J.: 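To start, I am sharing the structure in question, which I have written as structure tokens.
Only this structure's heavy atoms are used, side chains among them; waters, hydrogens and symmetry mates stay out. Please read these numbers as outputs of a predicted model, since none were measured by experiment. We name chains A, B, ... by the order of the sequence lines, and we start the count at 1 in each one.
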Amino acid sequence: MRARLPDRADVVRRDGVRVAFEVFGQGEPALLLIPASPITHARSWKGIVPTLARRFTVITTDGRGTGRSDRPHAPERYAPAEVTADLLTVLDAADIGQAVLVAHCHAVPWALCLAADHPERVAGLVAIDPAVAVAPPHPHTVEPDRRWADQVDAPSGWAMRNRHFWRQDGGYREWIEFFFGQQLPEPHSTKQYEDTVGWALDTDAEAMIAEREGRAAPAGSEAEALCRRVRCPVRVLHGSDDRCQPVARGRRLAELTGGDLVVLEGAGHLPHGRDPVKVTRLITEFADRITGASMHATTWTRGPCRPARALYLSSPIGLGHARRDVAVAKELKRLRPELEIDWLAQHPVTTVLEAEGERIHPASQWLASESAHVASEAAGHDLHCFQALRRMDEILVANFMVFQEVVEEGRYDLVIGDEAWDVDYYWHENPELKRGQNVWLTDFVGYLPMPDGGEREAFLTTDYNAEMIEHIDRYPWIRDRAIFVGQDHDIVPDTFGGSLPAIRDWTTRHFSYSGYITGFTPPEPDEVAPLRSELGYRDDELVCVVAVGGSGVGQALIDKVAAAYPLAKKAVPELRMIVVTGPRIDPAAFPQRAGLELRGYVHRLYQHLCVCDLAIVQGGLTTTMELTAAKRPFLYFPLGHHFEQNFHVRHRLDRYGAGQYMDYATTDPDLIAAQITELAGKPVSYRDVETDGAARAAQLIAELI
Amino acid sequence: MRARYPDSDGLVVRDGVEIRYERYGRGWPAILLLPTWSIVHSRHWKMQVPYLARHFTVVCFDGRGSGGSGRPADASAYSDAAFASDALAVMDATGIDSAVLVSASCGGFWALRLCAEHPDRVLGSVFIAPTAPLVPPLAERRVQRFGEVFDNPVGWQLYNAHSWKTQYPEFVAFFVGRIFTEPHSTKQIEDAIGWALETDGETLTAADRGLECCNGAAVQRLAAQLACPVLVIHGTQDAVRSYAEGEALASCAGGVLVTLAGAGHFPHVRDPVQVNLLIKQFADRIRQ
């Protein structure tokens, strides 16, 4: 799912060619983002658009030859005059008089032409890794480019940049895969690589050849003269390890235009994809300078006069962590009564926080929905959560930027992130942005590949684990405290993959263990009957609660269990089944069945789970551990391809001797009915779950402030 | 030892009064740190000079009646026009055509006059805890009567021409205590008392009488004329000039108000980092 959808998506038609554009947000100045089409298109800006659009009007175009635009195959259709005319037409269509241009690679010459020839339309220019021939090209590109039109036998490397090779079967793809491997020299760039290769394959070899042959970009003294004609403010961003365009070109462009140069040391050719936080901040600062955004009225509170403040982030995917985070916060306030806690949170976590009277930071409204993304990634009873997390990249960076603004303005002493992946990742990637003490909580460590993902998935999970380990090794001061919600034996016996260490050993070295945090104390045996009665359950009925968590994924399981209900009811006449669809699934979406009760969000669902005679749930940790703590029999169905539910949670439940694992794919309603008949109301013998986890976690946090 | 010594210093003589100035660093725009009431001299900018001088040309001078400058005895020598003319003379002597003005407390008067009457020499003006009698004075100052004779003056009654003849040090101790309301300000208080004792009650009496021309109507008139960028910085715990004065000046002059919650009357001394960053940010905007 995208982090932000355009406010307007449209096309202009010029000279018979349709060029697609999108408009996001409002605010001065307008920013026109020009991709190096047709090898890439508007989606290449996905890491920076949502944040920029909160402040400015942002216009993206696909560029002729790719994306939602037409793909003419004649070189003359890609002449600079054509492309710049497209861009002016887009500005007209978007009703933008003047814009700051943000252009990448060979889109920079187009932007320079616009700035030189139509100064009234261009307020400024940000040139990223500019392909402007004001300095020599990389030597490794010279000979291949000279032989661009020649027949070359079995070319490899840069020599694959060849018109004949691109026309060969698979040639273009082979070139693209090589090319973007070169453009992303930064380790752990698998997602950016997959994205850029995918966008490049949105066009075809003929459009690419036509663009390359029609490009006619100025070189040498002609290029210098063009640069000198630019009068607007210019900022050049250039990766020091850019293998497409040498930094000397960026430096010379800045000199010729009187602009400033920001060298991104260690960055390759795609910093807006690989270092979106830094690039967003550099563009924002430049745009603010152009509008002369003046100082505004503010209040600065003297350090000693400030109340201690914490910003709490609760992983918003489902409701899993909301209850435990509220419990930790309450314990923390007991230890530090003066501490003010704000929550940066989104639905459905806010449902719990509001009910508990917690203070939700107003900037929470800017967060892109992680739950909706996860729901969009699920199909039936299947959620490949590792890939879903990878595909959540633009949502994570958008939400991180919201967080960073909040934490800078709010001057928080403490940030508590319960699986706040965005904060943990981007603070390690941009360590100078860290503010306050930082607590990281998680209940699992290590991405594990699903067996059917093969070598590729094992490579990817290992790569992600390696990046995390390198982050911690290089910047041990980013996480001031890391808390594992559980005990060491709850950690799977696996390694992080490849030659990486064993997960349990590594975690013990880098984490403190709080023990499990249920967020409530299960009722004593003599408290069960009164609570049952309070919740409206009779002693002579067998209560089966079916719950699918809070993420919006669960319809398929509900359908299957509902189908089992008549069968089970026949075998166990005293059965009463209550299906809780959660805050993100509408109970009205299910057909009514006689006797089957459907409910939406149930506040303090754990109380119902504590007194039920059987529960049927997914494999999420929170719900299964609530049932374990309350010693209730339950069936759990891990979501397909959900490594956390299938490995981490299952391992922990096995250790507690809790629950009946069920495989959704091979389970039919008859089997569910049989299990209900067998297990409902039967005693269990689980290992005890500690009840002091929240207090222990709070103590570990309180030591920091 | 100082953190930074001037690159040049000198004296200008105007109307027979020597004005001692210092110049630091280079870079555009120049920042002119104006004197305030003559009870302290230019060392009250000591926390700003080394930082700002790494980025800008910085000029400061001892106001007449303080530090290394002359101490005329006549009240008429301390008019705001005289201070403003001193500032122009120092700018001329240091070769500065135009500057960003930074003033504190009643130095705001001289800044207002410079902005209104010499707009070509002023790029912008930062007012720290300005004296801007556009609103009623602080309640605790209502007992203040400069010309009256009190038997046992206490508190603001010490702000008094007769007290200053015999009890100047007591007044200084009281007054400096009101400047720094923030806890743990011993060093700032010792500094300011030391600077204040470098001048004397008679000089200050003359200086104070010279200020009498500065009233709310004059401030309002001058502030309304300002065309340059204006930044007002005012602490909410200012016990000398009320926070409401800063608010009123910012509003009247169309400037930006930065509120320093918990700060007293001399935040540039007590919260120098924040004030330095604000001045730098303001000057950077002008540079752009």
J.: Does a side-chain heavy-atom distance below 4.5 Å link A/R302 with B/R270?
T.: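 Touching, per the 4.5 Å side-chain cut-off.
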
J.: Counting heavy-atom pairs under 4.5 Å with chain B, which one of A/P304, A/A297, A/C305, A/G303 comes out on top?
T.: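 Heavy-atom pairs under 4.5 Å are most numerous for A/A297.
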
J.: Between CG of A/D288 and CZ of B/R285, what distance do you get to the nearest 0.5 Å?
T.: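 Spacing of CG (A/D288) from CZ (B/R285) equals 7.0 Å.
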
J.: In terms of heavy-atom contacts, does NZ of A/K278 have more than 12 from other residues, nucleotides or ligands at under 6.0 Å?
T.: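 Atom NZ in A/K278 is not packed in, count stays at 12 or less.
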
J.: Tell me whether B/Q281 at atom CD has more than 12 heavy atoms from other residues, nucleotides or ligands lying less than 6.0 Å away.
T.: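 Counting neighbours around CD of B/Q281, more than 12 heavy atoms of other residues, nucleotides or ligands fall under 6.0 Å, so yes.
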
J.: Taking non-hydrogen atoms and a cut-off under 4.5 angstrom, which of residues 239-267 of chain B neighbour chain A?
T.: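 So the qualifying residues are B/V256, B/L257, B/V258, B/T259, B/L260, B/A261, B/G262, B/A263.
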
J.: Among residues at least two apart in sequence or on other chains, which ones pass side chain to side chain contact (heavy atoms under 4.5 Å, CB included) with B/W195?
T.: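 B/W195 satisfies side chain to side chain contact (heavy atoms under 4.5 Å, CB included) with B/V40, B/H41, B/R43, B/H44, B/K46, B/D191, B/A192, B/E198 only.
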
J.: Verify the neighbour count for atom CZ of B/R26: are there more than 12 heavy atoms of other residues, nucleotides or ligands below 6.0 Å?
T.: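 Atom CZ in B/R26 is not crowded, with 12 or fewer foreign heavy atoms closer than 6.0 Å.
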
J.: Rounded at 0.5 Å granularity, tell me how far CH2 in A/W300 sits from CG in B/L278.
T.: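 Going from the CH2 atom of A/W300 to the CG atom of B/L278 covers 9.0 Å.
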
